[in-house]
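Have a look at the structure below before the remarks.
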There are 2 protein chains.
Amino acid sequence: MNISKLGYALLTLLARGEFSGYDLARQMSEPIGFFWTARHSQIYPELAKMEEQGLLVVQRVEQHDRPDKKLYSITETGREALRQWVTEPIGPPVERSELVLKAYAIWQADPEQALRLFREQEAYHAAKLAQYEKEWFELKANTSAGLRVDDPCFADYITLWRGVDFERGYVEWCHWIAEQFERHLQEKKQKDEKDEKV
Amino acid sequence: MNISKLGYALLTLLARGEFSGYDLARQMSEPIGFFWTARHSQIYPELAKMEEQGLLVVQRVEQHDRPDKKLYSITETGREALRQWVTEPIGPPVERSELVLKAYAIWQADPEQALRLFREQEAYHAAKLAQYEKEWFELKANTSAGLRVDDPCFADYITLWRGVDFERGYVEWCHWIAEQFERHLQEKKQKDEKDEKV
DNA sequence: TCACGCATGTAAGAGGTTACATGATTAG
DNA sequence: CTAATCATGTAACCTCTTACATGCGTGA
């Protein structure tokens with residue numbers, strides 16, 4: 001069948017309900033899709049391809065106040081392919097973090113600019129953290145009785161947990177690095193003042 | 001100048017020493033490059049391009065026991081470009097995790113297969129964690145006096161820390177999920193045994 | 001009236017993977 | 001003799017981003 005990762009990502013979403021390409025594009029951009037993203041220009045052709053493969057069926061929905069839309073739903077074939085894929089072994093993950101890459105070169109940087117960058121990044125990740133934490137706490141409150149592993153909410157729970165933990169780690173990390181640059185700048189300032197006196 | 005992310009990744013490595021394309025390819029695959037990866041087929045043309053742009057200079061090194069190699073070193077132009085880039089603001093990061101994507105669809109899975117997947121992933125990330133932790137502890141031991149922000153070891157330290165924290169999070173997460181599937185399977189087994197008696 | 005949200009698409013190009021291609025030396 | 005390591009490259013292909021393209025309805 002040859003289904004791409006994006007294809008599986010779309011099946012993952014469509015296993016939970018019927019959506020249009022537009023809906024899916026929204027879910028696969030900020031903020032929900034923190035573990036997989038795609039633009040509409042990639043999604044629309046992929047949906048068309050998957051419909052041809054019989055993984056999805058499409059239904060045109062006419063709307064009076066808005067443009068018509070194409071509602072996609074997963075077929076039994078699609079669901080079976082997803083079920084197959086979901087527990088298949090994963091190869092070594094391809095990590096790519098521009099921030100960690102910059103961190104590896106940070107010893108070259110102007111300290112004031114470096115401080116600015118990490119303060120900025122701390123704020124960014126703190127905002128993400130707050131957002132995921134809010135959703136996570138809400139989910140926890142609504143399902144205090146405990147979740148079954150075959151409940152979609154269980155999947156929501158673990159996914160959000162990962163997001164929370166991920167962002168929490170970044171916030172602490174950025175904060176500590178920013179502190180080091182602050183200390184460095186203060187020490188330099190004190191030294192400069194001392195030199196002036198002499 | 002128009003330098004790609006890969007270009008900056010290469011400059012980041014070449015700021016620390018002279019390397020051949022082969023050396024760089026090794027550093028940008030497992031295990032060192034956990035925050036940026038590239039294959040040799042992408043690296044060789046990129047190096048050639050960067051040399052033309054005057055960011056690098058190349059030097060042919062003849063070796064008797066092995067094939068000759070091309071040693072690249074960063075130029076002042078290259079170092080300046082790197083210094084510029086390293087504190088430039090970063091756009092929203094593109095996160096892509098196949099495992100978290102699968103986690104979001106895990107409610108569809110066969111519980112036994114899901115258990116296998118997460119046990120497998122726990123082992124994988126535990127191995128990565130052990131490796132990063134070892135390097136991190138060694139670095140800590142060698143630099144007990146504290147590090148200056150302009151020391152490359154400071155960059156090593158924070159990069160490894162991020163890796164350790166990242167992997168630690170995955171290990172705990174996989175472990176907890178595997179436990180949930182184990183409990184689910186045990187409960188099912190008990191129910192099946194009870195049903196048999198009746 | 002102007003921007004924004006809804007809604008769907010195409011095209012060009014950059015970025016990245018897999019496979020093809022060659023060839024020497026060394027360790028098992 | 002066979003596999004692995006060192007060493008450099010190219011070609012085909014897939015994935016992903018950016019930009020182009022259209023058009024309606026609503027609220028400021």
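In what follows, chains are A, B, ... by sequence order, proteins preceding strands, each numbered from 1.
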Contacts under 3.5 angstrom, residues 167-189 of chain B side chains, donor-acceptor by atom type, not counting sequence neighbours:
residue	atom	partner	partner atom	Å
Glu167(B)	OE1	His125(B)	ND1	2.5
Arg168(B)	NH1	Glu133(B)	OE2	2.8
Tyr170(B)	OH	Ser97(B)	OG	3.1
Trp173(B)	NE1	Ile158(A)	O	2.9
His175(B)	ND1	Glu122(B)	OE1	3.3
His175(B)	ND1	Glu122(B)	OE2	2.9
His175(B)	NE2	Glu179(B)	OE2	3.4
Glu182(B)	OE1	Arg119(B)	NH2	3.3
Glu182(B)	OE2	Arg119(B)	NH2	2.9

Donor-acceptor contacts under 3.5 Å from residues 76-96 of chain A side chains, at least two apart:
residue	atom	partner	partner atom	Å
Glu80(A)	OE1	Arg83(A)	NH1	3.0
Arg96(A)	NH2	Thr37(B)	O	2.7

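Contacts of Arg60(A) with the nucleic acid, taken as non-hydrogen atoms under 4.0 Å apart, are absent. Residue contacts shown for Ser4(B) are limited to sugar-phosphate atoms, with no base heavy atom under 4.0 Å away. Residue contacts shown for Lys70(A) are limited to sugar-phosphate atoms, with no base heavy atom under 4.0 Å away.
Considering only side-chain N and O atoms, Gln63(A) lies under 4.0 angstrom from the phosphate OP1 or OP2 of dA7(C). Contact annotation: Arg26(A) side-chain N/O to dG5(C) OP1/OP2 distance is not under 4.0 Å.
Between the CZ atom of Arg66(A) and the P atom of dC4(C) there is a distance of 18 Å, given to the nearest Å. Here dA19(C) presents its P atom at 10 Å from CZ of Arg39(B), a figure rounded to the nearest Å. One can place CG of Asp68(B) at 13 Å from C1' of dT25(C), the figure rounded to the nearest angstrom.
Nearer to the 5' terminus of DNA chain C, by closest-nucleotide assignment, is the contact made by Leu71(A) (compared with the other of Lys49(B) and Leu71(A)).
Nearest to the side-chain atoms of Arg96(A) among the listed nucleotides dT10(C), dA7(C), dT17(C) stands dT17(C).
Close approach of DNA chain D to chain B, defined as any atom under 4.0 Å from a non-hydrogen atom of the protein, starts and stops at dT5(D) to dC16(D).
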